[in-house]
Amino acid sequence: MRRRPGTGTSTARLMLTHGLLILVSVGLLGIALSLGIQGTASERGLAEARTESLLVAQTAVEPHLSGRPLDEGLTERERAVMQRLVQRAVTGGHLLRLRLRDELGHIVYADDGPSDVGRSKSTLGKGTSDDEAADDEVSEATDGEVVAQLTHLNADREDGGTLGPAAVEVYLPLVAGSPGRQIGVLEMYLPYAPIKAAVDHDLRVLYRDLGLGLAGLFVVLFVIAVSVSRGLRRALAASAWSARHDALTGLPNRALFVESIAAAGAWASRTGRPGAVAIIDLDHFKDLNDTLGHSIGDELLSVLADRLSAAVPAPDMVARLGGDEFGLVLRDGHDAANELARIAEILVAEAQVGALPLSAAPSIGYLAITGTDVSAETLMQRAEVAMYAAKAGHTVIAEYSADLERFVAADMELIAEVPRALRAGELRLHYQPQCDAATGALVGLEALVRWQHPRLGLLAPGRFIPMAEQTDLIERLTAWVLEAALADAARLADRGRPIPIAVNVSARSVVRTDFARQAMAALELADVAPSQLVIEVTETTLVSNPERARSVLAELDSVGVHVSIDDFGQGQTSLAYLADLPIRELKVDRAFVTGMAADPARTAIVRSVIDLGHSLGMRVVAEGIETDQDLEAVRALDCDVAQGYHLARPMDFDALVELIDRTAAPSPTA
């Protein structure tokens with residue numbers, strides 16, 4: 001159930017498709033390159049013909065001409081030289097035809113007989129008079145250009161005889177005399193076969209290299225495509241898996257759990273056999289997580305997830321719904337209570353996490369799945385109601401009934417009354433004194449909120465603060481506590497006792513960018529010195545958003561508000577945080593202080609925290625002083641401040657004033 005999916009069975013088909021696409025792409029690229037190469041080869045052949053014609057003109061023709069314009073005709077000597085040249089060249093196969101034309105295109109010399117002498121291409125090819133302009137090739141050559149084109153011998157209309165071999169027809173300007181001047185146009189027909197053979201040879205070499213290059217390109221692209229495709233498939237499979245599974249435990253998540261409930265309902269409708277859905281929550285897991293650290297908590301959750309997976313075989317399902325909450329779907333719900341009791345025993349069994357033996361305390365709520373008439377979300381909600389009933393009654397397992405709805409309704413009703421309580425002035429502040437550990441003098445106070453409920457009586461903060469922290473109500477409660485505590489601080493200052501008051505602030509509040517400005521505004525409104533306010537934050541606050549917390553706390557410290565870490569030792573605050581944050585005070589958690597005199601291990605822990613705080617220049621407060629032995633133990637460790645029921649219980653403001661007047665303790669320095 002927790003196995004991550006593979007890449008599937010269609011990989012070979014996908015690779016084949018990619019290979020064909022790459023092959024077609026490379027083939028089209030090869031065709032395009034081949035067409036371009038062929039065009040380039042033709043141009044190269046013409047370029048070689050131009051070069052060869054220029055060489056013939058400059059070395060064999062122009063040196064034997066006197067420099068007179070060709071329209072004056074050739075001398076006998078010049079004609080004889082041309083005849084010998086042409087005869088050697090034609091006989092050797094280097095030349096197919098040679099003609100000399102004047103600048104009007106009239107033929108002055110032709111190797112193929114005297115009958116064409118005196119005529120122009122225009123006259124011969126088109127039947128026009130000699131006075132008409134020469135054709136384009138002669139005109140371009142007269143303008144100084146070298147014109148070359150592929151043709152066949154006797155392909156022009158002016159030429160008689162049968163169609164000859166392939167040739168390159170070249171027209172170029174003739175320059176002779178001293179100084180050299182243009183005297184006419186040389187027309188040559190060079191055999192194309194030797195040029196074509198050389199070009200074809202080069203083409204074959206080029207095609208071979210191109211083929212090898214394209215084959216190599218295909219291989220490289222195919223390998224890349226295979227690698228990328230596999231990576232993408234793995235990423236997509238992992239993404240699809242992650243969307244429906246829990247990252248820590250690998251179990252199905254809430255979304256897949258809801259689908260499984262719906263499937264179980266459909267199964268129950270088809271078969272008439274009821275299933276069951278259960279919600280499991282671990283009691284006091286947050287305390288364990290805060291005390292030992294989140295890494296230990298995560299490891300314990302993983303161990304429990306493995307146990308659940310082994311205990312719940314398919315087609316049943318176990319899922320992690322978030323935090324310390326798991327869900328179960330059982331296809332056979334006839335004996336759900338006994339099956340869940342068996343699972344509870346498996347969860348309760350001690351687990352070795354690192355060097356620690358730990359055990360979980362589950363609370364399980366469940367109900368039967370009889371069909372599809374009730375939605376999966378409603379079934380989950382009802383199972384949660386039963387789970388809360390099991391938790392409240394300490395029964396481990398509870399089955400849902402409509403009567404249990406009142407538990408959830410009562411909690412929701414209570415939290416809904418908080419805004420009214422704020423408006424009606426039902427909240428109260430009680431203060432617990434903090435005393436100098438050595439002298440017993442009053443040096444500080446901790447503000448603790450209470451709710452004087454009109455129906456339920458005085459409620460401790462544990463009844464409503466945890467629920468409020470899950471909503472925006474905690475912001476309003478924090479603002480009220482700040483204003484009320486500072487108003488009381490002002491009253492104490494007016495009596496000559498400016499005692500610092502500590503206010504607990506939740507993680508949700510302290511990471512707000514405007515919290516420091518809110519606190520300073522409250523100080524200004526109460527006309528209280530910043531040194532009379534201490535902001536207490538938990539280690540969890542620092543870990544949840546250290547950068548934001550650092551910024552807000554630094555702003556508070558800059559104006560003189562002291563910052564204290566509450567319940568130090570429960571969480572996983574890094575020593576690097578302590579050195580980097582503007583912390584003025586550490587409060588040792590009561591779990592280590594209470595009863596430490598009889599426990600060497602706790603004493604060692606408290607000693608370490610006190611030494612750490614002093615080495616960082618911080619004041620250290622020991623909470624949970626319940627006996628005189630606890631007080632003597634922290635004194636022996638040179639702790640600065642003590643707080644606990646042995647010294648004084650939380651009291652309202654009037655009782656606090658009476659205590660101050662009775663003890664007449666000296667005013668503390670800020």
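Just so it is clear, the model here is predicted, and its values are computed rather than measured.
- When the salt bridge (charged side-chain N to carboxylate O under 4.0 Å, His left out) test is applied to Asp599, the partners found at least two apart in sequence or on another chain are Arg602.
- Looking at residues two or more places apart in sequence or on another chain, you find no side chain to side chain donor-acceptor pair (under 3.5 Å) involving Glu555.
- Between Asp566 atom CG and Leu586 atom CG the span is 10.5 Å, to the nearest 0.5 Å.
- The side chain to side chain donor-acceptor pair (under 3.5 Å) check on His646 picks up nothing, with sequence neighbours excluded.
- Residues satisfying the side chain to side chain contact (heavy atoms under 4.5 Å, CB included) test with Ser375, not counting sequence neighbours, are Glu377, Thr378.
- With sequence neighbours excluded, no residue forms a side chain to side chain donor-acceptor pair (under 3.5 Å) with Arg649.
- Under 3.5 Å, the side chains of Gln452 and Glu426 contain no donor-acceptor pair of N or O atoms.
- Listed by chain and number, the residues in a side chain to side chain contact (heavy atoms under 4.5 Å, CB included) with Glu259 are Arg244, Leu256 (sequence neighbours excluded).
- Within the 3.5 Å criterion, the main-chain N or O of Asp630 finds a donor-acceptor partner in the side chain of Thr627.
- Every residue two or more places apart in sequence or in another chain was checked for a side chain to side chain donor-acceptor pair (under 3.5 Å) with Arg476, and none qualifies.
- Nearest heavy atoms, Leu300 versus Ala351: CD1-CB, 4.2 Å.
- For Val528, the side chain to side chain contact (heavy atoms under 4.5 Å, CB included) criterion is met by Leu486, Ala489, Ala490, Leu523, Ala526, Gln532, not counting sequence neighbours.
- Listed by first and then second residue, the ring pair (Phe, Tyr, Trp, His ring centres under 6.0 Å) pairs that reach into residues 429-452 are Trp451-His453, Trp451-Phe464, sequence neighbours excluded.
- Applying the salt bridge (charged side-chain N to carboxylate O under 4.0 Å, His left out) test to every pair with at least one member in residues 635-645, sequence neighbours left out, gives these pairs: Glu632-Arg635.
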List the atom pairs, with distances to 0.1 Å, where a side-chain N or O of residues 320-329 and a protein N or O form a donor-acceptor pair under 3.5 Å, not counting sequence neighbours.
from   : atom 1 : to     : atom 2 : distance (Å)
Arg320 : NE     : Gly323 : O      : 3.0
Arg320 : NH1    : Asp246 : OD1    : 3.2
Arg320 : NH1    : Asp246 : OD2    : 3.2
Arg320 : NH2    : Gly323 : O      : 2.8

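- Partners of Ser564 under the side chain to side chain contact (heavy atoms under 4.5 Å, CB included) rule, at least two apart in sequence or in another chain, are Val534, Glu536, Glu585, Lys587.
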